[in-house]
Visitor: 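Just dropping this structure here.
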Amino acid sequence: MTHLVDAVAASSERLRARGGAPRVAVLLGTGWASFAARVQGGEVVPYGELPAFPATAVRGHEGRVVLGRIGAHEVIVLAGRQHAYESGEPVGMKGAIRTLAALGVQVLVQTNAAGSLDAALPAGTPMLISDHLNVPQRSPLVGDADAAGDARFVAMTDAYCPRLRAQARAAAQRAGLALAEGVYAWMLGPQFETPAEIRMLRVLGARAVGMSTVPETILARHAGLRVLGLSLITNLAAGLGDEALGHAHTLAAAQAASARSAALLETIVTALEV
Ligand code: HPA
């Protein structure tokens, strides 16, 4: 057994001892953090107490797990992810995602902040991820001793579950909340894109661009979880607007939309059929 397998077993045991058997996990990216306060009976476990979880260092991405309820669902909320741009490798959330699978989680709801490639999607707009472009063509499964064998050849058709997307769309509509939909392009970062790169991504069919989520979707699909993805648009992408892009700008735009995005996320999670 590898070190990671042991760390996953220890992490899932600790989480099980702290609360229930969640079937739904929510991974909070920039702009979605205030959702954690909506969890009923929230039991907080810092990532530092879970050996399979990463140390997170990016401002706005504090690392902690919250266990509790949203509507009728028992949930586990992961506030904070490690990004591929921190180490150069897209493996930072491998232990955390495998811990979710070991706990019996069946659905992973992913959230992030993203730039918009569509002038009709301004800052503050939420977007359901219909599909993704793995632009760096990096995978967290490469060279993974625990993912050897046929299971590593994961189908990425319907990576973002069509049934969950339909449930999310319907829930937003019932609540009168706007929800766009489109393809998310993953860029390694940490630098923002050039205007030429943004023109390239538009040609490829992307509607939003960001620096996260895709590695976790691959890990989750490999672990047998269904995935739903939501982006909060925080800016028009490079060359499309006149804003100066930077992390402070992303955080400020995310902060401005945070109450609305948390309410939308609660509406959607409550409505999911798991
Ligand atoms: N590009 C990449 N990542 C991002 C952006 C962007 O414009 N906005 C928020 N995250």
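Residue numbers count from 1 along this sequence. Atoms within a ligand are numbered from 1 in the order they appear, just like the ligands themselves.
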Visitor: Any atom of ligand 1 sitting under 4.0 Å from a heavy atom of M187?
Guide: no

Visitor: List ligand 1 atoms under 4.0 Å from N235, heavy atoms only on the residue side.
Guide: 5 (C), 6 (C), 7 (O), 8 (N), 9 (C)

Visitor: Is there a side-chain contact between L188 and W186 in this structure, where contact means two heavy atoms from C-beta onward sitting under 4.5 Å apart?
Guide: yes

Visitor: Find all atoms of ligand 1 within a distance of less than 4.0 Å from any non-hydrogen atom belonging to A113, and give their numbers and elements.
Guide: 9 (C), 10 (N)

Visitor: What verdict does the salt bridge (charged side-chain N to carboxylate O under 4.0 Å, His left out) test give for R81 and E216, after you've listed the backbone C-alpha separation in whole Å, the side-chain angles of each residue and the deciding distance to 0.1 Å?
Guide: CA-CA 9 Å; R81 47 155 88 74; E216 294 80 52; 3.1 Å; yes

Visitor: Check this for me: does any side-chain nitrogen of one of R221 and D158 sit under 4.0 Å from a carboxylate oxygen of the other?
Guide: no

Visitor: With backbone taken as N, CA, C and O and side chain as the heavy atoms from C-beta onward, which portion of A238 lies under 4.0 Å from ligand 1: side chain, backbone, both, or neither?
Guide: neither

Visitor: What atoms of ligand 1 come closer than 4.0 angstrom to any heavy atom of E193?
Guide: 1 (N), 2 (C), 6 (C), 7 (O)

Visitor: Check each atom of ligand 1 against the heavy atoms of G210 and keep those under 4.0 Å away; list them by number with element.
Guide: 2 (C), 3 (N)

Visitor: Atom CZ of R163 and atom CG of L272: how far apart are they, to the nearest 0.5 Å?
Guide: 11.0 Å

Visitor: Out of curiosity, L121 CG to L236 CG, how far, rounded to the nearest 0.5 Å?
Guide: 9.0 Å

Visitor: Indicate yes or no: does E74 engage R23 in a salt bridge with an N to O separation below 4.0 Å.
Guide: no

Visitor: Quick one: which of R165, R226, H132 gives a side chain to side chain donor-acceptor pair (under 3.5 Å) with Y160?
Guide: H132

Visitor: With a cut-off of 4.0 Å, which atoms of ligand 1 are near a heavy atom of V209?
Guide: 1 (N), 2 (C), 3 (N), 4 (C), 5 (C), 6 (C)

Visitor: Is there a nitrogen or oxygen of G115 sitting under 3.5 Å from a nitrogen or oxygen of ligand 1?
Guide: yes

Visitor: Where is the nearest protein heavy atom to atom 9 (C) of ligand 1: which residue, which atom, and how far?
Guide: T234 OG1, 3.4 Å

